[in-house]
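This report refers to the structure that appears directly beneath it.
Not measured: the values here are computed from a predicted model. Below, chain A is the first sequence line, B the second, and so on; all start at residue 1. Atoms considered below: every heavy atom in the structure, side chains included; atoms not considered: hydrogens, waters and symmetry mates.
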Protein chains: 2
Amino acid sequence: MSDNEDKALPIDRRIEADITRAIYDQRMPPGTRLSEERLGELYEVSRTVVRKALFQLSSRKLVEIRPNRGARVAQPSAAQAREVFAARATLEAAMLEESMTRLTPADIAALRDTLAHDHDTPTDEADAAESIAESGDFHRALARLHGNTVLQEFLDELIGQTSLIIALYRPRDAALCSHDAHDALLDAIEAGDAATARRAMRAHLMACLDALELDPPQPAALADMLGRAR
Amino acid sequence: MSDNEDKALPIDRRIEADITRAIYDQRMPPGTRLSEERLGELYEVSRTVVRKALFQLSSRKLVEIRPNRGARVAQPSAAQAREVFAARATLEAAMLEESMTRLTPADIAALRDTLAHDHDTPTDEADAAESIAESGDFHRALARLHGNTVLQEFLDELIGQTSLIIALYRPRDAALCSHDAHDALLDAIEAGDAATARRAMRAHLMACLDALELDPPQPAALADMLGRAR
DNA sequence: ACAAAGCAAATTGTATCCAATTATTATTGT
DNA sequence: ACAATAATAATTGGATACAATTTGCTTTGT
């Protein structure tokens with residue numbers, strides 16, 4: 001009875017879900033090799049079904065499959081990172097603006113509850129992973145209020161990719177997409193009109209993007225590290 | 001030398017592309033069964049690679065795979081149809097509004113050329129299929145001007161699903177997403193500001209949606225067809 | 001003659017096997 | 001001792017074989 005959590009969903013879906021969760025929770029860093037045979041023996045299943053799961057994951061851009069070279073957890077480039085955030089800004093701003101007419105005070109209260117619940121966690125150390133996951137949840141909850149499941153699912157994909165981007169490009173200490181930022185965003189939503197909310201959302205996402213360290217970490221500074229070479 | 005068009009792309013990609021094109025061109029109606037064995041012998045390839053292609057297609061929602069029941073060309077429900085059009089309206093309106101600052105007269109001229117090229121075709125009869133494909137091309141071209149490839153690819157998916165929706169729900173004669181409508185849209189873009197263009201795009205897509213016959217074609221009218229039954 | 005159960009054919013799901021490619025290690029020559 | 005090359009091991013791509021499920025048909029009983 002306490003064997004697997006979801007008993008109904010097929011084994012390949014379970015593998016997919018497990019890897020997805022591991023990526024979201026920052027346990028599987030970008031670049032991690034995903035050997036078909038290894039995964040197969042882990043789940044006691046043939047490579048056939050593992051391959052199926054890996055292909056599904058690659059269609060969501062969470063893993064990258066290079067021909068004859070196997071699958072790895074994807075490593076989005078800086079350019080891709082910028083595009084994902086730009087896409088999120090466009091999409092989430094538009095969705096929020098359209099939601100504004102329908103947004104009830106109860107909706108906003110519910111969102112605040114989610115945030116308050118998160119405030120308990122100290123946000124101190126390496127549980128930044130949890131903070132990132134919760135940030136995603138907030139954006140997902142906001143999108144759900146819009147009501148369009150097609151856009152919801154697409155945003156889900158983008159948020160998933162954002163996990164990888166943050167894992168790759170977040171500076172050592174900086175907390176990203178802080179709860180405070182979400183609080184401020186909610187304030188703007190509550191107080192302002194549609195256009196204001198739209199701008200606030202875009203500003204928030206662009207701030208998150210700016211907090212990243214997308215520029216290469218000194219690729220040519222090698223000489224310096226070797227003393228007074230060259 | 002004249003064997004296959006694209007020699008470089010792997011066989012599973014080719015199958016995928018062929019089916020995609022067949023759907024776009026309305027040659028493969030929704031609901032068409034896609035037997036793994038049949039496709040395999042058609043392309044002289046094993047079921048393994050056919051399955052791969054079919055799964056890719058299902059992730060783009062062009063085919064529907066039901067466990068142990070095989071794959072069919074997808075049949076989006078009326079509810080899904082509405083959501084896809086709503087998603088397109090939100091997305092394309094937002095993208096267009098953001099493009100407006102960058103849009104040069106040359107861009108608009110290029111778009112008009114595409115439309116003029118299409119005007120040649122009489123739009124008379126069953127080549128409505130071609131008209132539909134060209135309509136998609138117009139929207140794709142417009143999206144390309146925005147510059148974000150992530151949103152571009154997503155819109156591509158939505159346009160693909162739109163092919164299925166039109167195949168399912170377009171009334172007998174009515175031409176959908178007419179060239180005239182696109183001309184008018186371009187006029188609005190050329191003349192107006194960002195907000196105007198946004199509204200024009202939304203109005204255009206909603207007009208397309210309204211032209212569809214989404215309501216069930218008299219599911220309870222069966223009795224009438226059978227004379228004075230009941 | 002009709003309904004229901006059972007049987008047979010076809011189709012999908014999964015495992016295993018072989019071929020092809022890539023990565024790693026060993027070897028050899030300078 | 002190092003570089004380049006050759007041999008070997010490991011891993012993925014694809015085909016075949018078998019198991020499980022579904023579908024259509026036949027048969028049987030009332």
So, is Ser46(A) near the phosphate of dA15(C), with a side-chain N or O under 4.0 Å from OP1 or OP2?
-> yes
Considering residues at least two apart in sequence or located in another chain, which fulfil the salt bridge (charged side-chain N to carboxylate O under 4.0 Å, His left out) criterion with Glu157(B)?
-> none
Using the test side-chain hydrogen bond (donor to acceptor under 3.5 Å, both in side chains), find all partners of Arg47(B) that sit at least two apart in sequence or belong to another chain.
-> Glu36(B)
Check the distance between dT12(C)'s C1' and Leu39(B)'s CG and give it to me in whole angstrom.
-> 14 Å
Check salt bridge (charged side-chain N to carboxylate O under 4.0 Å, His left out) between Glu41(A) and all other residues, then give those that pass, not counting sequence neighbours.
-> none
Side chains of Gln26(B) and Ser163(B): donor-acceptor distance under 3.5 Å anywhere?
-> no
Mind checking what makes ring-ring contact (aromatic ring centres under 6.0 Å, His included) contact with Phe55(B), not counting sequence neighbours?
-> none
With sequence neighbours left out, write down each residue that passes salt bridge (charged side-chain N to carboxylate O under 4.0 Å, His left out) with Glu64(A), or none if nothing qualifies.
-> none
Would you tell me whether Ser59(A) and Arg60(B) have side-chain atoms, one donor and one acceptor, within less than 3.5 Å of each other?
-> no
Interface with DNA chain D, restricted to residues 54-64 of chain A and to heavy atoms under 4.0 Å = none
For His204(A), what residues pass the ring-ring contact (aromatic ring centres under 6.0 Å, His included) criterion, not counting sequence neighbours?
-> His139(A), His182(A)
What pairs of residues pass the salt bridge (Lys or Arg N to Asp or Glu O under 4.0 Å) test when at least one of them lies in residues 141-153 of chain A, not counting sequence neighbours?
-> Glu153(A)-Lys61(B)
Taking 5' to 3' order, which nucleotide of DNA chain D is first and which is last to have an atom within less than 4.0 Å of a heavy atom in chain B?
-> dG14(D) to dT23(D)
Do any side-chain nitrogens or oxygens of Arg33(B) fall under 4.0 Å of OP1 or OP2 in dT12(C)?
-> yes
Starting from C1' on dT12(C), measure out to CZ on Arg72(B) and report it in whole angstrom.
-> 14 Å
Length of the CD1-P vector between Ile11(A) and dT12(C), whole Å = 23 Å
Any pair counted as salt bridge (Lys or Arg N to Asp or Glu O under 4.0 Å), so long as it reaches residues 67-79 of chain B, sequence neighbours left out = none
Given protein heavy atoms under 4.0 Å, the one-letter contact record of nucleotides 17-23 of chain C, with B base, S sugar-phosphate only and - none, is simply ----SSS
Contacts of type salt bridge (charged side-chain N to carboxylate O under 4.0 Å, His left out), residue Arg13(A), not counting sequence neighbours | Glu16(A)
Atom OH of Tyr43(A) to atom P of dA15(C): distance rounded to whole Å?
-> 15 Å
Rounded interatomic separation in angstrom, taking CD from Glu36(B) and C1' from dA10(C) | 12 Å
